[in-house]
*Asks:* 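Take a look at the following structure, please.
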There are 2 protein chains.
Amino acid sequence: MLLSKSCVYGLRASVFLALHADREYIPISEISEKLKISFHFLTKILQLLTQKGLLVSYRGPHGGVALTRPPKEVIIYDVVNAIDGDEIFTGCILSLPGCGNQTPCPMHESWTLVRNKIRTLFLTTSLADLAKGVKDNNLRLVDIEQLISAPADKV
Amino acid sequence: MLLSKSCVYGLRASVFLALHADREYIPISEISEKLKISFHFLTKILQLLTQKGLLVSYRGPHGGVALTRPPKEVIIYDVVNAIDGDEIFTGCILSLPGCGNQTPCPMHESWTLVRNKIRTLFLTTSLADLAKGVKDNNLRLVDIEQLISAPADKV
DNA sequence: TTAATTTAGGACAAAAGAGTCTTAAATATA
DNA sequence: TATATTTAAGACTCTTTTGTCCTAAATTAA
């Protein structure tokens, strides 16, 4: 997988928070139920995003997590970078340490071009962009199977 | 990592075989020594490539492995597909099963564009292309650290 | 025929990723 | 104050990936 499962869950949850940016704090239990992600696992991931400053959290009744900044200002590059690091945006496709312009691997030049397309996409896509897709065109954040079994809960 | 370690090792070994396509069979021990890849691990990976038909193998003295087809005719898409499958060339970036034109995720459209750049790169790059880079421009297949410690063995 | 070389195949171990669970701390409210 | 709610933190388990090792089978050559 290009992105780890943790990263995918973190991204989906971030978009969910963007969809509910008007509300105060959202309990992780609600996110995990709506997105069908294990509560405890998601908790760990969102704790990481909180530590990295992307989310703020609040304990106790009416507590939960929320985006630190408005969804328009959060690029998905930051979410991915916080969870998976920047290897996919900067790394050598043959995983050769020290691959660069000085000592390139045989795919260095062509891969750099493609890699920059990936990087640009993540740098220019905000949580608001993805949330808009979900709202305007009914795009989905959960497994199609789960949509079929409970269409009313579509997120 | 975009590609698994197995896949990276399989690719590096395939380029090595392309570099020595004039010879008969190359023992896996030689590849593992030159590329500094664990012999036993590499053996398993190359067995897989043999099973998939990309390599032919021969047991006994003067045995080893060799490319089934000339390096010019082997695209690296096939090597990656044999080891890691086609998920990176076809999969949803949010790993949502059933993501497609009918039921897209919010990144479906933009990711498909970028993913096709990746796909095209791997479809249009042959082992001969990579081997040429290694030969003509002295590009490398091994870790820079190992090059420094043994520059004469550069591959 | 015997010995050496080499891949095939599978058991096994270590490390990393994914997922579960329990307890502690903070907070709100009755 | 007492209780319920919620995140924080860390131990723990399960699975997958990565890596090691051993034995069998095929082949060559002495």
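Labels below follow one simple rule: chain letters A, B, ... track the order of the sequence lines, proteins then strands, and each chain is numbered from 1. The structure presented is a predicted model; accordingly, all values stated were derived computationally and were not measured.
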*Asks:* Please state how far atom CG in A/D84 lies from atom C1' in C/dA16, giving the value in whole angstrom units.
*Replies:* 13 Å
*Asks:* For B/L46, report the nucleic acid contact type (base, sugar-phosphate, nothing); a contact means any heavy atom under 4.0 Å.
*Replies:* nothing
*Asks:* Checking side chain to side chain contact (heavy atoms under 4.5 Å, CB included) between B/V15 and each of B/L130, B/D129, B/V74, which is the one that passes?
*Replies:* B/L130
*Asks:* Does B/Q51 reach a base, just sugar-phosphate, or nothing at all? Heavy atoms under 4.0 Å.
*Replies:*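 Sugar-phosphate: the residue B/Q51, judged by heavy atoms under 4.0 Å, touches backbone atoms but no base.
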*Asks:* Of the nucleotides D/dT18, C/dG9, C/dT5, which has the atom closest to the B/Q47 side chain?
*Replies:*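 My answer, after comparing the listed nucleotides, is C/dG9.
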*Asks:* Taking for each residue the nucleotide of DNA chain C bearing the nearest heavy atom, is the 5' side occupied by B/Y58 or by A/F41?
*Replies:* B/Y58
*Asks:* Go through the N and O atoms of the side chain of A/K5 and the base of C/dG19, and report whether any donor-acceptor pair is under 3.5 Å.
*Replies:*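 Answer no: no donor N or O sits under 3.5 Å from an acceptor.
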*Asks:* Counting only side-chain heavy atoms from C-beta out, which of D/dG10, C/dA8, D/dA8 sits nearest to A/T50?
*Replies:*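 Of the options given, the side chain of A/T50 lies nearest D/dA8.
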*Asks:* Counting the atoms with a prime plus P, OP1 and OP2 as sugar-phosphate, which does B/T43 contact under 4.0 Å by heavy atoms, base, sugar-phosphate, or nothing?
*Replies:* nothing
*Asks:* Relative to the 5' end of DNA chain C, which residue comes earlier, B/K44 or B/P27, by the nucleotide with the nearest heavy atom?
*Replies:* B/P27
*Asks:* Of the options D/dT7, D/dT20, C/dA8, whose atoms approach the side-chain atoms of B/S57 most closely?
*Replies:*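 Of all the options, the side chain of B/S57 is nearest to C/dA8.
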*Asks:* Using a heavy-atom cut-off of 4.0 Å across all strands, would you classify B/H62 as base, sugar-phosphate, or nothing?
*Replies:*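 Sugar-phosphate, backbone atoms only, no base.
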*Asks:* Between D/dA26, C/dA25, C/dA18, spot the one nearest the side chain of B/R59, thanks.
*Replies:*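 The nucleotide sitting nearest to the side chain is D/dA26.
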